[in-house]
Amino acid sequence: MRVIETILASFIIFSALTFVNIFTVLPSSPKYETSDLEKMGHNVLHDLDEQRLLSRFVYNETEWGELTLALMIFLPPDVYFNLTIYDLQGARNKDFPIRYGSPEVFTASNSTASVSYIIPGQQAEYDPRILVLQLVRG
């Protein structure tokens with residue numbers, strides 16, 4: 001009876017370990033990296049927007065350098081970013097990239113996260129901007 005009990009217990013433990021192993025996402029997997037970077041990017045943009053800094057940075061083209069610095073401060077040092085600002089006519093910052101890291105980092109990476117964030121306008125004026133933040137862990 002004890003032998004059968006031991007065999008059943010080992011079978012239950014083995015099946016539990018197999019079940020857990022199927023649903024485990026390892027930290028080095030692209031699925032984990034992408035979802036983690038998306039959450040981080042959205043949180044950074046949301047925090048800047050709650051502090052009313054994001055709309056000030058986005059709508060004043062002279063402050064895009066400060067926006068780059070703010071993103072560098074809020075994000076970890078091993079995360080590279082590329083921010084593109086769109087209005088209703090298309091991309092606004094073609095001539096002045098808001099980027100940390102070389103463009104080759106984004107094309108060479110297999111786990112690039114992309115976060116879209118919409119700002120409806122500044123104060124009472126409706127002038128929507130769509131921010132597309134690409135994040136790569138370096």
Return the minimal non-hydrogen interatomic distance between [X] and [Y], and the atom names on each side.
X	Y	result
G101	R99	O-CD, 2.9 Å
R56	Q122	CA-NE2, 4.1 Å
F81	L133	CB-CD1, 3.9 Å
A70	L48	CB-CD2, 4.3 Å
L37	L135	O-CD1, 3.1 Å

Does any non-hydrogen side-chain atom of [Y] lie less than 4.5 Å from one of [X]?
X	Y	answer
L54	L67	yes
N60	E66	no
M40	L75	yes

Could you state the interatomic distance from [atom1] ([X]) to [atom2] ([Y]), rounded to the nearest 0.5 Å?
X	Y	atom1	atom2	result
I85	D87	CD1	CG	9.5 Å
L17	I12	CG	CD1	12.0 Å
F57	L83	CZ	CG	12.0 Å
S116	H42	OG	NE2	9.5 Å

Check: Would you find a donor on one side and an acceptor on the other, under 3.5 Å apart, between the side chain of Y117 and the backbone of D49?
Finding: no
Next item on the list: Kindly say whether F106 contributes a backbone atom to a donor-acceptor pair with the side chain of S109 at under 3.5 angstrom?
Entry: no
Check: Would D127 and Y59 satisfy side-chain contact (heavy atoms from CB on, under 4.5 Å), going step by step from the backbone distance to the final call?
Finding: CA-CA 9 Å; D127 187 18; Y59 288 100; 3.9 Å; yes
Notebook entry, point to check: Are more than 12 heavy atoms from other residues, nucleotides or ligands located less than 6.0 Å from atom CG of L8?
Noted result: yes
Margin query: Less than 3.5 Å apart, any donor N or O on the side chain of E50 or H46 sitting next to an acceptor on the other?
Written below: yes
Item checked: Option from I119, I98, L53 for which side-chain contact (heavy atoms from CB on, under 4.5 Å) with V58 holds -> I119
